[in-house]
Structures are given as structure tokens and as C-alpha cells.
Protein chains: 2
Amino acid sequence: MTVVWQCQGVNPSAAPAGAVRQGSLRELNLALVLGRIAAAPRPPSRAALAAETGLTRATVSAVVEDLVAGRLVTEAEPQPRAGAGRPARGLVLAGDGPAGLGLEINVDYLAACVVDLAGEVRHHSVHRADLRPVSPADALGQLVRLAAGARAAADAQGLTLAGAALGVPGLVDEAGRVRLAPNLGWRDVPVPELLAGHPPLTETVDGVPPLVVDNEANLAALGELHAGDGPGSFLHISGEVGIGAGIVLDGALYRGTRGWSGEIGHIPVRPDGPPCRCGGRGCLEQYAGQEAILSAVGLTGADLPADTAPNRLAELAEAGDATVLNALHEAGAALGVTVASVVNLLDLDTVVLGGGYAPLAPWLRPPMLAEIDRRVLTAAWAPVTVRVATLGATAAAVGAAGSVVRRIIARPAGWLARL
Amino acid sequence: MTVVWQCQGVNPSAAPAGAVRQGSLRELNLALVLGRIAAAPRPPSRAALAAETGLTRATVSAVVEDLVAGRLVTEAEPQPRAGAGRPARGLVLAGDGPAGLGLEINVDYLAACVVDLAGEVRHHSVHRADLRPVSPADALGQLVRLAAGARAAADAQGLTLAGAALGVPGLVDEAGRVRLAPNLGWRDVPVPELLAGHPPLTETVDGVPPLVVDNEANLAALGELHAGDGPGSFLHISGEVGIGAGIVLDGALYRGTRGWSGEIGHIPVRPDGPPCRCGGRGCLEQYAGQEAILSAVGLTGADLPADTAPNRLAELAEAGDATVLNALHEAGAALGVTVASVVNLLDLDTVVLGGGYAPLAPWLRPPMLAEIDRRVLTAAWAPVTVRVATLGATAAAVGAAGSVVRRIIARPAGWLARL
DNA sequence: TCATTTAATTCAACCACTGAACAAATAGCG
DNA sequence: CGCTATTTGTTCAGTGGTTGAATTAAATGA
């Protein structure tokens, strides 16, 4: 079996673009029913699923039988019902079936987590370490050890790891190679090759590579998508050392033609502004990046580790520090200008502040909203919501693990065939 | 039968998200085979289609039989073949089946055109008239007369109009109401109601409304998509009096959550720049809009009708007029800054200059490319192409008509059921 | 106790695809 | 000219999966 390592597919279309064969029918309906079970607020009965989907109850029963046999779904306790009639048997996603392993490498920590089909985080571990002075190979070695712990925890809970995803703060190509991770100091790091020496994290399942490497901001947006209520469209802004964003359009992550979408940190705010590392001038990162905010306050990254800086700034702002308040106001205004561009372009109704921006949201939001209201053409008819991410700093790892189980929910036939 | 008028669906997904019933199988395969026939560079045989799609020849034959019976496909003359074997019978889209009616209302002209299944423009007519002083009702009255002529031309060629689409330079809501068309001076114009008095342009077919109202820039991008070679992702910039854009992602127009995407004219270039009509400051339109370019040259819109201004400017630039060259350079640079933002956000590989920008492209391109190279993070690995639109000023009307026939190609079952 | 109501299963019918066999139409070759 | 090889397209029995109606299951309420 050839083990292929690759980046998350550039655009995974849920529906098969190819031939629709006899068996595709069952495949599609398995996905349809499982998707409804996953999206339902409370365990639905077979009858309810039939009514929702338009399939007959006979078909739903047959499909559910397959799902239960494959350990993807289990029956919940009968719900007490109001009125007459045989009580419904509720269906829920299995808590002891396949699970996803999520990994994250960031500037000053490594993280691993395990998420089950229902989206519950069943294991989570973080290893703090400044990874900038460490070689990529050593960093990945540490990651493998963390992953082994996560795998043991999954086994102990009766979960089967069905795949893994790794988030990296940088640009990843289709082969899983990290082309550029500026804040980590990585350039052209062949993650798959470096991991090849270690025992693979999981086995290849149904043609899906055992490990998918993806941009951290993309995975964080996916985490937010699955944590939120239902699909939709939003921009998820991850304010780490750099500024990245994940774009969710109609419930699907948009990755761009090469998978490099969401680089809002380098959207020009003032074309003649201060020069940026990237070669441009006046990029958003120069106004709202963590280092920009810190230096406006008279601090540098050397004074504060990157992961504690946001909370420290929030404390100072809470205490009424005028310099900090002013710096956050400026950063928020720059974010607002950029978000206005994005909303004018994409007509989004929601923007989510994640990563390091989450604790700073109370101070960033007002200037953001002011700029958005002023600059978005359709703001009068269609207000834009700016909200705080529901997942905290763990968003990328949880999103990575979630992307694995979501793939199973979107295409259960692959998992069932594996049995 | 209730006649419903509506805006183009916000996000028409090709594949059914709902239940996959017995008959859906055939529906999907009809669409699959017809789509391949439409996309093929030369008339494919049934055997070739079977090989391409993965269906058996038997199934392809059955599907093709349905398509031929429904006048969507006809057999071409047998192709001369190299080597032994029974000669293949090539399949082509029918030139005498359903066709689409495309309409456009713009500042100083009305247009109508008829496009057949194969994408050929079978009729095209333009009526020049300054529509700013005319009431919306009167303008639509003129449009209805133009449409009647187009319908007669279609009838004369044996074509059946299967629907119509109307492009308007403004924001359109789901009900087909024009919320705002600044350059036309329209505000909250209920196009469907105003057209209700006139005989409908076509009958409702299979639940699809007879007339779809959409943004002109969106339709122009669709026209460019269908005129080009295959799907892909690009930004199509329509430089009319205002600046609009259509966003095509993976071969599908992205309309945004309310259908108001692509308003790049109001993306801020310099947040503290000159005030804009929209209430913001330093919008792209202030630097690269037609009026901005003209006033930089010392002219006003009163001197030149909007539709001749671009060609006039091109002549002056060709002659080496330094003021004009400078104005175009500035406009191109502003466009480049904005496009860099878009590419950083969406990771597109192609930008198309359409509408009034097409004749000016030789002068706009160099400064655009310079800004893009400087400001796009991934420019070093993934060059961005800036090309001129292949359709001329007719893009919106042709795109509108094309959207009608494309809908049939994407979902032929609806058309077949109508018979 | 029994009618009523809702849930889930069973089963014959049917629809569309599959795979193999077959008919059709041509080129190449002796 | 006839024969074989080759490729196209059709026919037909077989099969998988959905359908719809009938049936069984399990509760409530009068």
C-alpha cells in the first residue's frame, strides 16, 4: 500500500462530479442521512429523517442499518413523547467509532487532540516550547511523541483514529511541503518526508492519506464552522504573530486555487505605509499584527511570549492604560478597513475574531464596526456581525481533528468499505 | 400557474443536496453526459463519453437517446477516423432546441441577445438611449419592445426561448427588486412588478421563473466564464461608470450571502482619500472609476458619453498624450493595489479586465502587474495573469443569455420534463 | 379493554445501471 | 474480393437500491 501524504484537497466537493453509478445512490444517501443526524439538535428518529430528507421510511431504515453496523451511529434511549404513538428511537453519532487526530505546530507550542464523530474533544494535550531555535526535524520529532500520547488516549477510550491533520502557521502546497512559515522560520520544509522516518501516525484509509498538512488559519476556521450552529459564510481572523484568515463560504472552507487563500495579513491598508517583511508596504500586519500593537505600546516580542501577549494586553486595557487603548483602537480601525474590503468583495454577514484577537475583542470591535459601517456599500441593508470565536487557542488543533471526522461524515461509504 | 420573478439563486449548487431518489440517478447522468458534450472540443462519440465518464456504453446510449429525443443533442456527420473500426457518430449540442434570452439595461443603452445551447449568439440588438432622465417604467417599456424583437428573431430561427435574464448595473435582491443603481439613478425599483403589466417575456418552465434579474458585473463574469476554456477561478472586473466585479470560483459564480458580492469599486485604496458617494473615503472608484480618469485628464462625463469614453481615452493614449498616460498609470496602480488585496484573500490566478477597461488594458496592465508582484505574498511561486476579456461590451447581455442555457445544461431533466 | 396514533419493518414491484453478447461498419491485408 | 481485426453502438438478462403499501410494534387515552 503506497502511503501518500498530501495537503488537504484544494476544493473537496461533497457531491461526486463523476459518473453516478448504481452504488453511488446508496453512498449519497448514507452521506445524506448521516449528515442530518450530525446536524440535528436532538437525536432524530428514522421517521423524522424520512420526512426531512424526502426518502421513504423503508430506505431510511436500510441506510441507518448500514450506519449502525459500521459503528457510525447508535440508538439513544427512547425519548419520552407527547401524545399517543409508538415512541421514537433516537439516533446519535457513535461515541466509540472513528475519531480524528488533530495536531498543531506553532511558534511557541505544540498541540494534539482527539475529536470523536460527534465533535466532542476526547483528549487534548499541549506542549509549550519555543520552536524557533529548533530544527524542523526536531520539532516534528516532538510532535510525533505528542501524537503517540494522543493515540494511546484514543485507544484507551475505544476510539479508532481514522486519520490526522496537522496545522502549520504558513503556506502549504499540495504535497504537504511547508513553502513558507515566516514566524516559525521555516522555508521549504518537506513535512511528509521528515515524518516518513517515524512510524506513520495512522494507516491510509480508503485512499485518504494518513496525514493532511494544512494552514493553521484554515483549520481554525473549520473548527469554528463545526463548533457553530450550521453552515453559513464567514471570515475567521486568526490574530497570532502573523494575521491569517479562513474563508468559509456556504459551509465550506474556500482554499483558493493553490490552497493559499486568506492571507489578509498582507492586504494593503495604506499603500504608502511602512514597509513590510513581505516586500509590500502598509500591509495590515503593520497596523494590527501582534508586534505592531506591542511596539505601539512600547514593548517588543522579546518582553512577552507570543501566546501570553494578548492576555497581557487585555489586562492593561482593562486597567484603562491609555497607550494600550489607543493602540488597540488603531489596530481595530485597520482591521475594520480590511474587513470592509473583504465584505464589499464577498458579501459576508459574519466576521469572527479568533486566536489572539479573541481576548482583545472588546476593544477591537467598536473601531472595526465603525469602519465597516462607513465603508461597506450594503451595510445599511445588511448589517455585518463581528463576533468572538467560540473555540479558544485550541481552535486549529480541534479544527484539524474535526476535519478528519467531518470527512467521514461527508463520505461515510469510504469508512464502511474499510471494515 | 403563478409566475414568480426572482433574482438568480444566491448559490445554485449543481448537485442536489436533498434526497437522492431512484430517478435522481438518471437526472445526474443526463447532466453529466450533456455537460461533457458541451465541454468537449470536438463532437464526442458515445463510446468516448462512456470512457470519459466511467459509465457503461449501454448507459450512455440510453442517456443520449433521452437527450436526442428532447432536442438537446443531435448527431453530427460521422467523423473520418484513423485506423480500423466502425466510425463514431459525433454528438453536438442542438442548434434548434432551447435558447436563452439575455437583456441588459445600462446607463446609455439597452441590449438584447439570443444565445443557443452551443453558446452561439444567434441574435443581438442594441438600442442607444440615455436612460438617466427616463423613468424606470419607461425604460423597461423600451426593453420589452427590444425583447419582443429578439423573441421574433428566435422564432424565425426555430429556437425556443427557455428563459430570460436581465442585467442591471446595481444591487438586486432576491425578489428581483433593484435596491440601488447609482449611475442609473434607480432606487428600490420593483422590476418584476413593473414588467407584470407587459406580457411576460417567456413562460415559467419547471419552476424556473421566466425572468431572472441580476447584477450586470455578475452576468459579464458568467459570459466570460462560458466564453473561456473550461472552468477555473478568476476575478472579472467591469469598468463601466462604476466599477463592479464578478467572482468565479471553481467554475461557479460566487454571489455572496445576499447576492451582493463583487463591489470592488468601494474597496478602500487609501482610507483617508477623497470622499466617495458611498459615504466612505478613498474608494477604488475615486482612483480608477471612469469619472476619476476623465477628471484627471481635464474632462467630465458631460464631454463624453460613458460608452465612448474608454475608446476615446485609448486613442489619446495611443497618440502619446502625457496627461492621459499618467492618469491611466495612476488608475492602473490603484487597480493593482485592490487586485493584490483580492488575490491575497482568495488566491486567484487570473484577473480579467472587461467592460470599459478592455480597450485601456495596454496601459492599465503594467502598473497593475507591478503592484500585484510587489504586494501578493505568493506572487513568487504563483504568478497572477491579467488578461483582457474575450467578450466586448456585450458581455453582460451574452452572459445573461448564457446563464439561461447553462442552467439547462446543468439540469437537463427539467427541460426534458417540460416536453 | 380497545380504538387511535405514531414508529419501524417487510415485501413485491420497479427503475436505472451493469456486463456480456451481438450486430454494424469500417480499414487493412492477402 | 473476401477475411480478419477493430471499434462503435444496441440488446438483454441480472442486480442493487428505492418505492409504496401492507404489516407489525409500542405507546396513549377514552
Side-chain angles (χ1 to χ4, degrees), chain A residues 16 18-33 37 40 42-69 73-91 412-413 416-417, chain B residues 16 18-33 37 40 42-69 73-91 412-413 416-417:
Chain A
V20 185
R21 326 177 61 81
Q22 190 72 264
S24 323
L25 235 161
R26 188 30 91 72
E27 282 183 28
L28 290 168
N29 282 332
L30 281 166
L32 177 68
V33 170
I37 294 174
R42 75 192 72 252
S45 66
R46 293 165 174 78
L49 289 169
E52 264 184 79
T53 59
L55 296 168
T56 58
R57 290 192 310 246
T59 303
V60 171
S61 277
V63 166
V64 166
E65 194 176 11
D66 282 6
L67 293 173
V68 170
V73 165
T74 51
E75 290 197 344
E77 280 308 293
Q79 298 250 17
R81 63 175 306 104
R86 171 175 167 175
R89 279 186 283 167
L91 299 167
L416 297 180
Chain B
V20 185
R21 327 176 60 79
Q22 191 73 265
S24 323
L25 233 157
R26 185 36 87 73
E27 282 182 28
L28 290 168
N29 283 331
L30 282 166
L32 177 68
V33 169
I37 294 174
R42 72 191 73 254
S45 66
R46 292 166 175 78
L49 289 170
E52 264 184 78
T53 59
L55 296 168
T56 58
R57 292 195 310 252
T59 303
V60 171
S61 278
V63 167
V64 167
E65 195 177 11
D66 282 5
L67 293 173
V68 170
V73 164
T74 52
E75 290 197 344
E77 280 308 293
Q79 299 250 20
R81 63 174 303 104
R86 171 175 168 175
R89 280 186 282 167
L91 299 167
L416 297 179

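To find a chain, count down the sequence lines: A is the first, B the second, and so on, and within it residues start at 1. All of these numbers come straight from a predicted model, not from anything done at the bench. We use all heavy atoms of the structure for the numbers below, so side chains are in, but hydrogens, waters and symmetry mates are not.
To the nearest angstrom, P of C:dT6 lies 18 Å from CZ of A:Arg89. Here the P atom of nucleotide C:dA24 and the CD atom of B:Glu75 are 16 Å apart, to the nearest Å. Atom C1' of nucleotide D:dT18 and atom CG of A:Leu49 are separated by 16 Å, given to the nearest angstrom. Distance CZ (B:Arg46) to P (C:dC17): 15 Å, rounded to an integer number of Å. Taking atom CG of residue B:Leu25 and atom P of nucleotide D:dG17, one finds them 11 Å apart after rounding to whole Å. Between the CG atom of A:Leu30 and the P atom of D:dG17 there is a distance of 9 Å, given to the nearest Å. Atom CD of B:Glu27 and atom P of D:dT18 are 15 Å apart (whole Å). Straight-line distance from the CG atom of B:Leu32 to the P atom of C:dA16: 16 Å, rounded to whole Å.
Shown here for A:Pro44 and A:Leu49, the closest heavy-atom pair between the two residues is CG-CD2, 3.9 Å. Residues A:Asp66 and A:Arg26 share a closest heavy-atom pair of OD2-NH1, 2.8 Å.
Put simply, the side chain of B:Val33 reaches to within 4.5 Å of the side chain of B:Leu55, judged on heavy atoms. B:Arg46 is not listed as a side-chain neighbour of B:Glu65, based on a closest heavy-atom distance of 4.5 Å or more.
OP1 or OP2 of D:dG9 lies within a sub-4.0 Å distance of a side-chain N or O belonging to B:Ser45. A close approach under 4.0 Å does not occur between any side-chain nitrogen or oxygen of A:Asn29 and OP1 or OP2 of D:dG17. A:Thr59 has no side-chain polar atom (N or O) that falls below the 4.0 Å cut-off from OP1 or OP2 of D:dG17.
Both B:Gly85 and B:Arg57 sit near DNA chain C, but only B:Arg57 has its closest nucleotide nearer the 5' end.
For D:dT8, its base sits under 3.5 Å from the side chain of B:Arg86 at one donor and acceptor pair at least.
Across all strands shown, B:Ser61 has heavy atoms under 4.0 Å from base atoms, whether or not it also approaches the sugar-phosphate.
With D:dA21, C:dC17, C:dA7 as the candidates, the nucleotide lying closest to the side chain of A:Ala58 is D:dA21. Among the nucleotides D:dA26, C:dC17, D:dT8, the one closest to any side-chain atom of B:Arg26 is C:dC17. Comparing D:dG20, C:dA8, D:dA5 by their closest approach to the side chain of B:Ala84 singles out D:dA5. Distances from the side chain of B:Thr56 to the nucleotides D:dT8, C:dT18, C:dC17 place C:dT18 closest.
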